[in-house]
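Computed from a predicted structure; not experimentally measured. Values below: all heavy atoms of this structure, side chains included; hydrogens, waters and symmetry mates excluded.
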Amino acid sequence: MNERAHETVSVVDEASKNPLLVALGERVRNLRARRGLTRKAVAVAADVSERHLANLEYGTGNASILVLQQVAGALQCSLAELVGDVTTSSPEWLLIRELLERRGEADLRRARIALGELLDSSSVDASRNRRIALIGLRGAGKSTLGQMLADDLEVPFIELSREIEKVAGCSVREIHDLYGTNAYRRYERRALEETVQIYSEVVIATPGGIVSDPATFNQLLAHCATVWLQAAPEEHMGRVAAQGDTRPMAASKEAMDDLRRILAGRAAFYSKADMVVDTSGRDLAQSFQALRAAVRESLAEAA
């Protein structure tokens with residue numbers, strides 16, 4: 001579709017930025033970062049120029065509604081999520097929002113857990129603390145440390161990416177290439193559901209982007225004790241490169257900026273984990289001892 005037929009961009013000077021456009025740009029940047037997408041990738045998927053998308057992200061471009069719809073589609077979100085929030089859609093949403101506004105993260109966490117138990121009886125899982133799920137960006141050590149932890153606890157080890165491939169009948173790359181991100185997210189959730197049903201004791205290494213889908217992440221939090229394997233962006237990139245990764249993200253000259261933005265976009269979700277283990281500046285043995293200590297302490301408290 002012709003770009004000129006779909007966008008009207010007005011560039012304004014820095015001093016006169018419209019607060020609404022600034023807020024819109026911030027939402028676009030955050031959604032893009034959360035999904036781990038480069039600006040170029042979103043621009044291509046939305047059929048707009050990278051320059052116009054940059055203007056939109058920095059609040060200097062007043063995009064037409066059709067362009068916003070294209071950008072929302074590229075980010076796999078609703079137009080409503082892009083330009084506002086769903087909590088204005090009904091009186092009940094407004095009343096619930098009022099109860100939750102100005103609450104701290106701890107109160108919101110308790111409210112989310114209580115709502116999950118109230119609305120979904122399956123969220124009360126007696127085996128939750130015996131399923132350990134490792135979350136975090138690629139390069140955090142989820143696969144290596146996960147296998148070591150499973151051996152130490154004498155429980156099975158599952159890489160969810162391999163389970164996704166079994167469900168789909170093809171590789172993760174093929175899922176994205178042939179069916180798209182939305183299909184991948186469906187396979188991801190199904191693989192998690194099946195893993196939880198099969199195993200009452202297990203260590204699971206999850207894909208880095210599992211936090212991008214709230215429904216799947218809610219399932220993970222409800223049925224597994226989660227550990228965020230945290231590391232500095234430079235260490236993430238170094239470990240991925242050491243694994244011989246040749247994907248565009250690893251090869252991009254702006255890779256570190258992309259990685260930092262992805263981490264910033266996902267950090268608030270990763271921080272919902274029950275435990276956080278920082279592997280920065282630690283070798284494999286030190287990282288494993290920190291992970292082992294945190295998990296065994298959690299298991300002892302739950303016993």
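The line from CD of E188 to CG of L220 is 9.0 Å long, rounded to the nearest 0.5 Å. Rounding to the nearest 0.5 Å gives a distance of 10.0 Å between CG of L24 and CG of N18. To the nearest 0.5 angstrom, I164 atom CD1 is 13.0 Å from R186 atom CZ. Taking CG of L149 as the reference point, atom CG of L291 lies at 5.0 Å (rounded to 0.5 Å). Interatomic distance, I158 CD1 to I132 CD1, rounded to the nearest 0.5 Å: 14.0 Å. Note that OG1 of T279 and NZ of K142 are 11.5 Å apart. Values are rounded to the nearest 0.5 Å.
V44 and L37 fall into different hydrophobic clusters, where Ile, Leu, Val, Met, Phe, Trp and Tyr residues are linked whenever their side-chain heavy atoms come under 4.5 Å apart, directly or through other members. Two different hydrophobic clusters hold L20 and L53 under the rule that ILVMFWY side chains link at heavy-atom gaps under 4.5 Å. The hydrophobic clustering, which links ILVMFWY residues whose side-chain heavy atoms are closer than 4.5 Å, places L160 and L229 apart. If you chain together hydrophobic residues whose side chains sit under 4.5 Å apart, V276 and L108 never meet in one group. Under a hydrophobic-cluster definition in which Ile, Leu, Val, Met, Phe, Trp and Tyr are linked whenever side-chain heavy atoms come within less than 4.5 Å, directly or via other members, W228 and F217 are assigned to the same cluster.
Taking the salt bridge (charged side-chain N to carboxylate O under 4.0 Å, His left out) definition, one finds that D274 meets it with R109, R128, sequence neighbours left out. Remark: S280 pairs with A231, A232, E235, D278 by the side-chain contact (heavy atoms from CB on, under 4.5 Å) rule, at least two apart or across chains. In terms of the salt bridge (charged side-chain N to carboxylate O under 4.0 Å, His left out) criterion, residue partners of E193 (sequence neighbours excluded) are, by chain and number, R189. R27 pairs by the side-chain hydrogen bond (donor to acceptor under 3.5 Å, both in side chains) definition with nothing, not counting sequence neighbours. With sequence neighbours excluded, the residues satisfying side-chain contact (heavy atoms from CB on, under 4.5 Å) with L284 are T144, L145, M148. With sequence neighbours excluded, no residue satisfies salt bridge (charged side-chain N to carboxylate O under 4.0 Å, His left out) with K40.
T38 contributes a side-chain N or O that, together with a main-chain N or O of A41, makes up a donor-acceptor pair within less than 3.5 Å. At distances below 3.5 Å, at least one donor-acceptor pair connects side-chain atoms of E165 with backbone N or O atoms of V172.
Residues I204 and H223 have side chains not in contact (no heavy-atom distance under 4.5 Å, counting atoms from C-beta outward). Taking the side chain as every heavy atom from C-beta outward, V155 and R130 never approach each other to under 4.5 Å. Two residues are said to be in side-chain contact when any heavy atoms from C-beta on lie closer than 4.5 Å; R282 and Q289 fail this criterion. With contacts defined as side-chain heavy-atom distances shorter than 4.5 Å, the pair V295/V277 does not qualify.
The shortest heavy-atom contact between P156 and A150 is O-CB, 3.9 Å. Among all heavy-atom pairs drawn from G146 and L134, the shortest one is CA-CD1, 3.5 Å. Residue A273 comes nearest to T226 through the heavy atom pair CA-OG1, 3.1 Å, listed as atom of the first residue, atom of the second, then distance. Closest non-hydrogen pair, V196 versus C224, comes out as CG2-SG, 4.5 Å.
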Please assess I175 against C170 for the test side chain to side chain contact (heavy atoms under 4.5 Å, CB included), listing each intermediate value before the final yes or no.
CA-CA 7 Å; I175 297 171; C170 58; 3.6 Å; yes
Apply side chain to side chain contact (heavy atoms under 4.5 Å, CB included) to L66 and Q69, showing your working.
CA-CA 5 Å; L66 290 176; Q69 186 175 49; 4.0 Å; yes
Kindly indicate, with the supporting measurements, whether the criterion salt bridge (charged side-chain N to carboxylate O under 4.0 Å, His left out) is fulfilled by E26 and R29.
CA-CA 5 Å; E26 184 176 1; R29 290 199 309 275; 5.2 Å; no
Residue pair L56, L68: steps toward the side chain to side chain contact (heavy atoms under 4.5 Å, CB included) verdict
CA-CA 9 Å; L56 175 61; L68 293 181; 4.0 Å; yes
Would Q70 and V48 count as a side chain to side chain contact (heavy atoms under 4.5 Å, CB included) if you check the C-alpha gap in whole Å, the side-chain angles of each, and the deciding distance to 0.1 Å?
CA-CA 8 Å; Q70 289 169 241; V48 300; 4.2 Å; yes
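Applying the salt bridge (Lys or Arg N to Asp or Glu O under 4.0 Å) test to pairs two or more places apart or on separate chains, none has a residue in residues 222-233. Pairs engaging residues 194-208 under the side-chain hydrogen bond (donor to acceptor under 3.5 Å, both in side chains) rule: R190-E194 [sequence neighbours left out]. Applying the ring-ring contact (aromatic ring centres under 6.0 Å, His included) definition to pairs two or more places apart or across chains, those involving residues 144-198 are H176-Y184.
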Contacts under 3.5 angstrom, residues 99-106 side chains, donor-acceptor by atom type, not counting sequence neighbours:
unit_1: E101; atom_1: OE2; unit_2: R97; atom_2: NE; d: 3.4
unit_1: R103; atom_1: NE; unit_2: L99; atom_2: O; d: 3.0
unit_1: E105; atom_1: OE1; unit_2: K272; atom_2: NZ; d: 2.0

Do any side-chain atoms of residues 262-269 form donor-acceptor pairs under 3.5 angstrom with protein atoms, and if so which ones, sequence neighbours left out?
unit_1: R266; atom_1: NE; unit_2: R34; atom_2: O; d: 3.0
unit_1: R266; atom_1: NH1; unit_2: G208; atom_2: O; d: 3.4

Expected list for residues 296-303: side-chain donor-acceptor pairs under 3.5 angstrom, two or more places apart:
unit_1: R296; atom_1: NE; unit_2: D152; atom_2: OD2; d: 3.2
unit_1: R296; atom_1: NH2; unit_2: D152; atom_2: O; d: 3.4
unit_1: R296; atom_1: NH2; unit_2: D152; atom_2: OD2; d: 2.9

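Atom CD of Q76 has more than 12 neighbouring heavy atoms from other residues, nucleotides or ligands inside a 6.0 Å radius.
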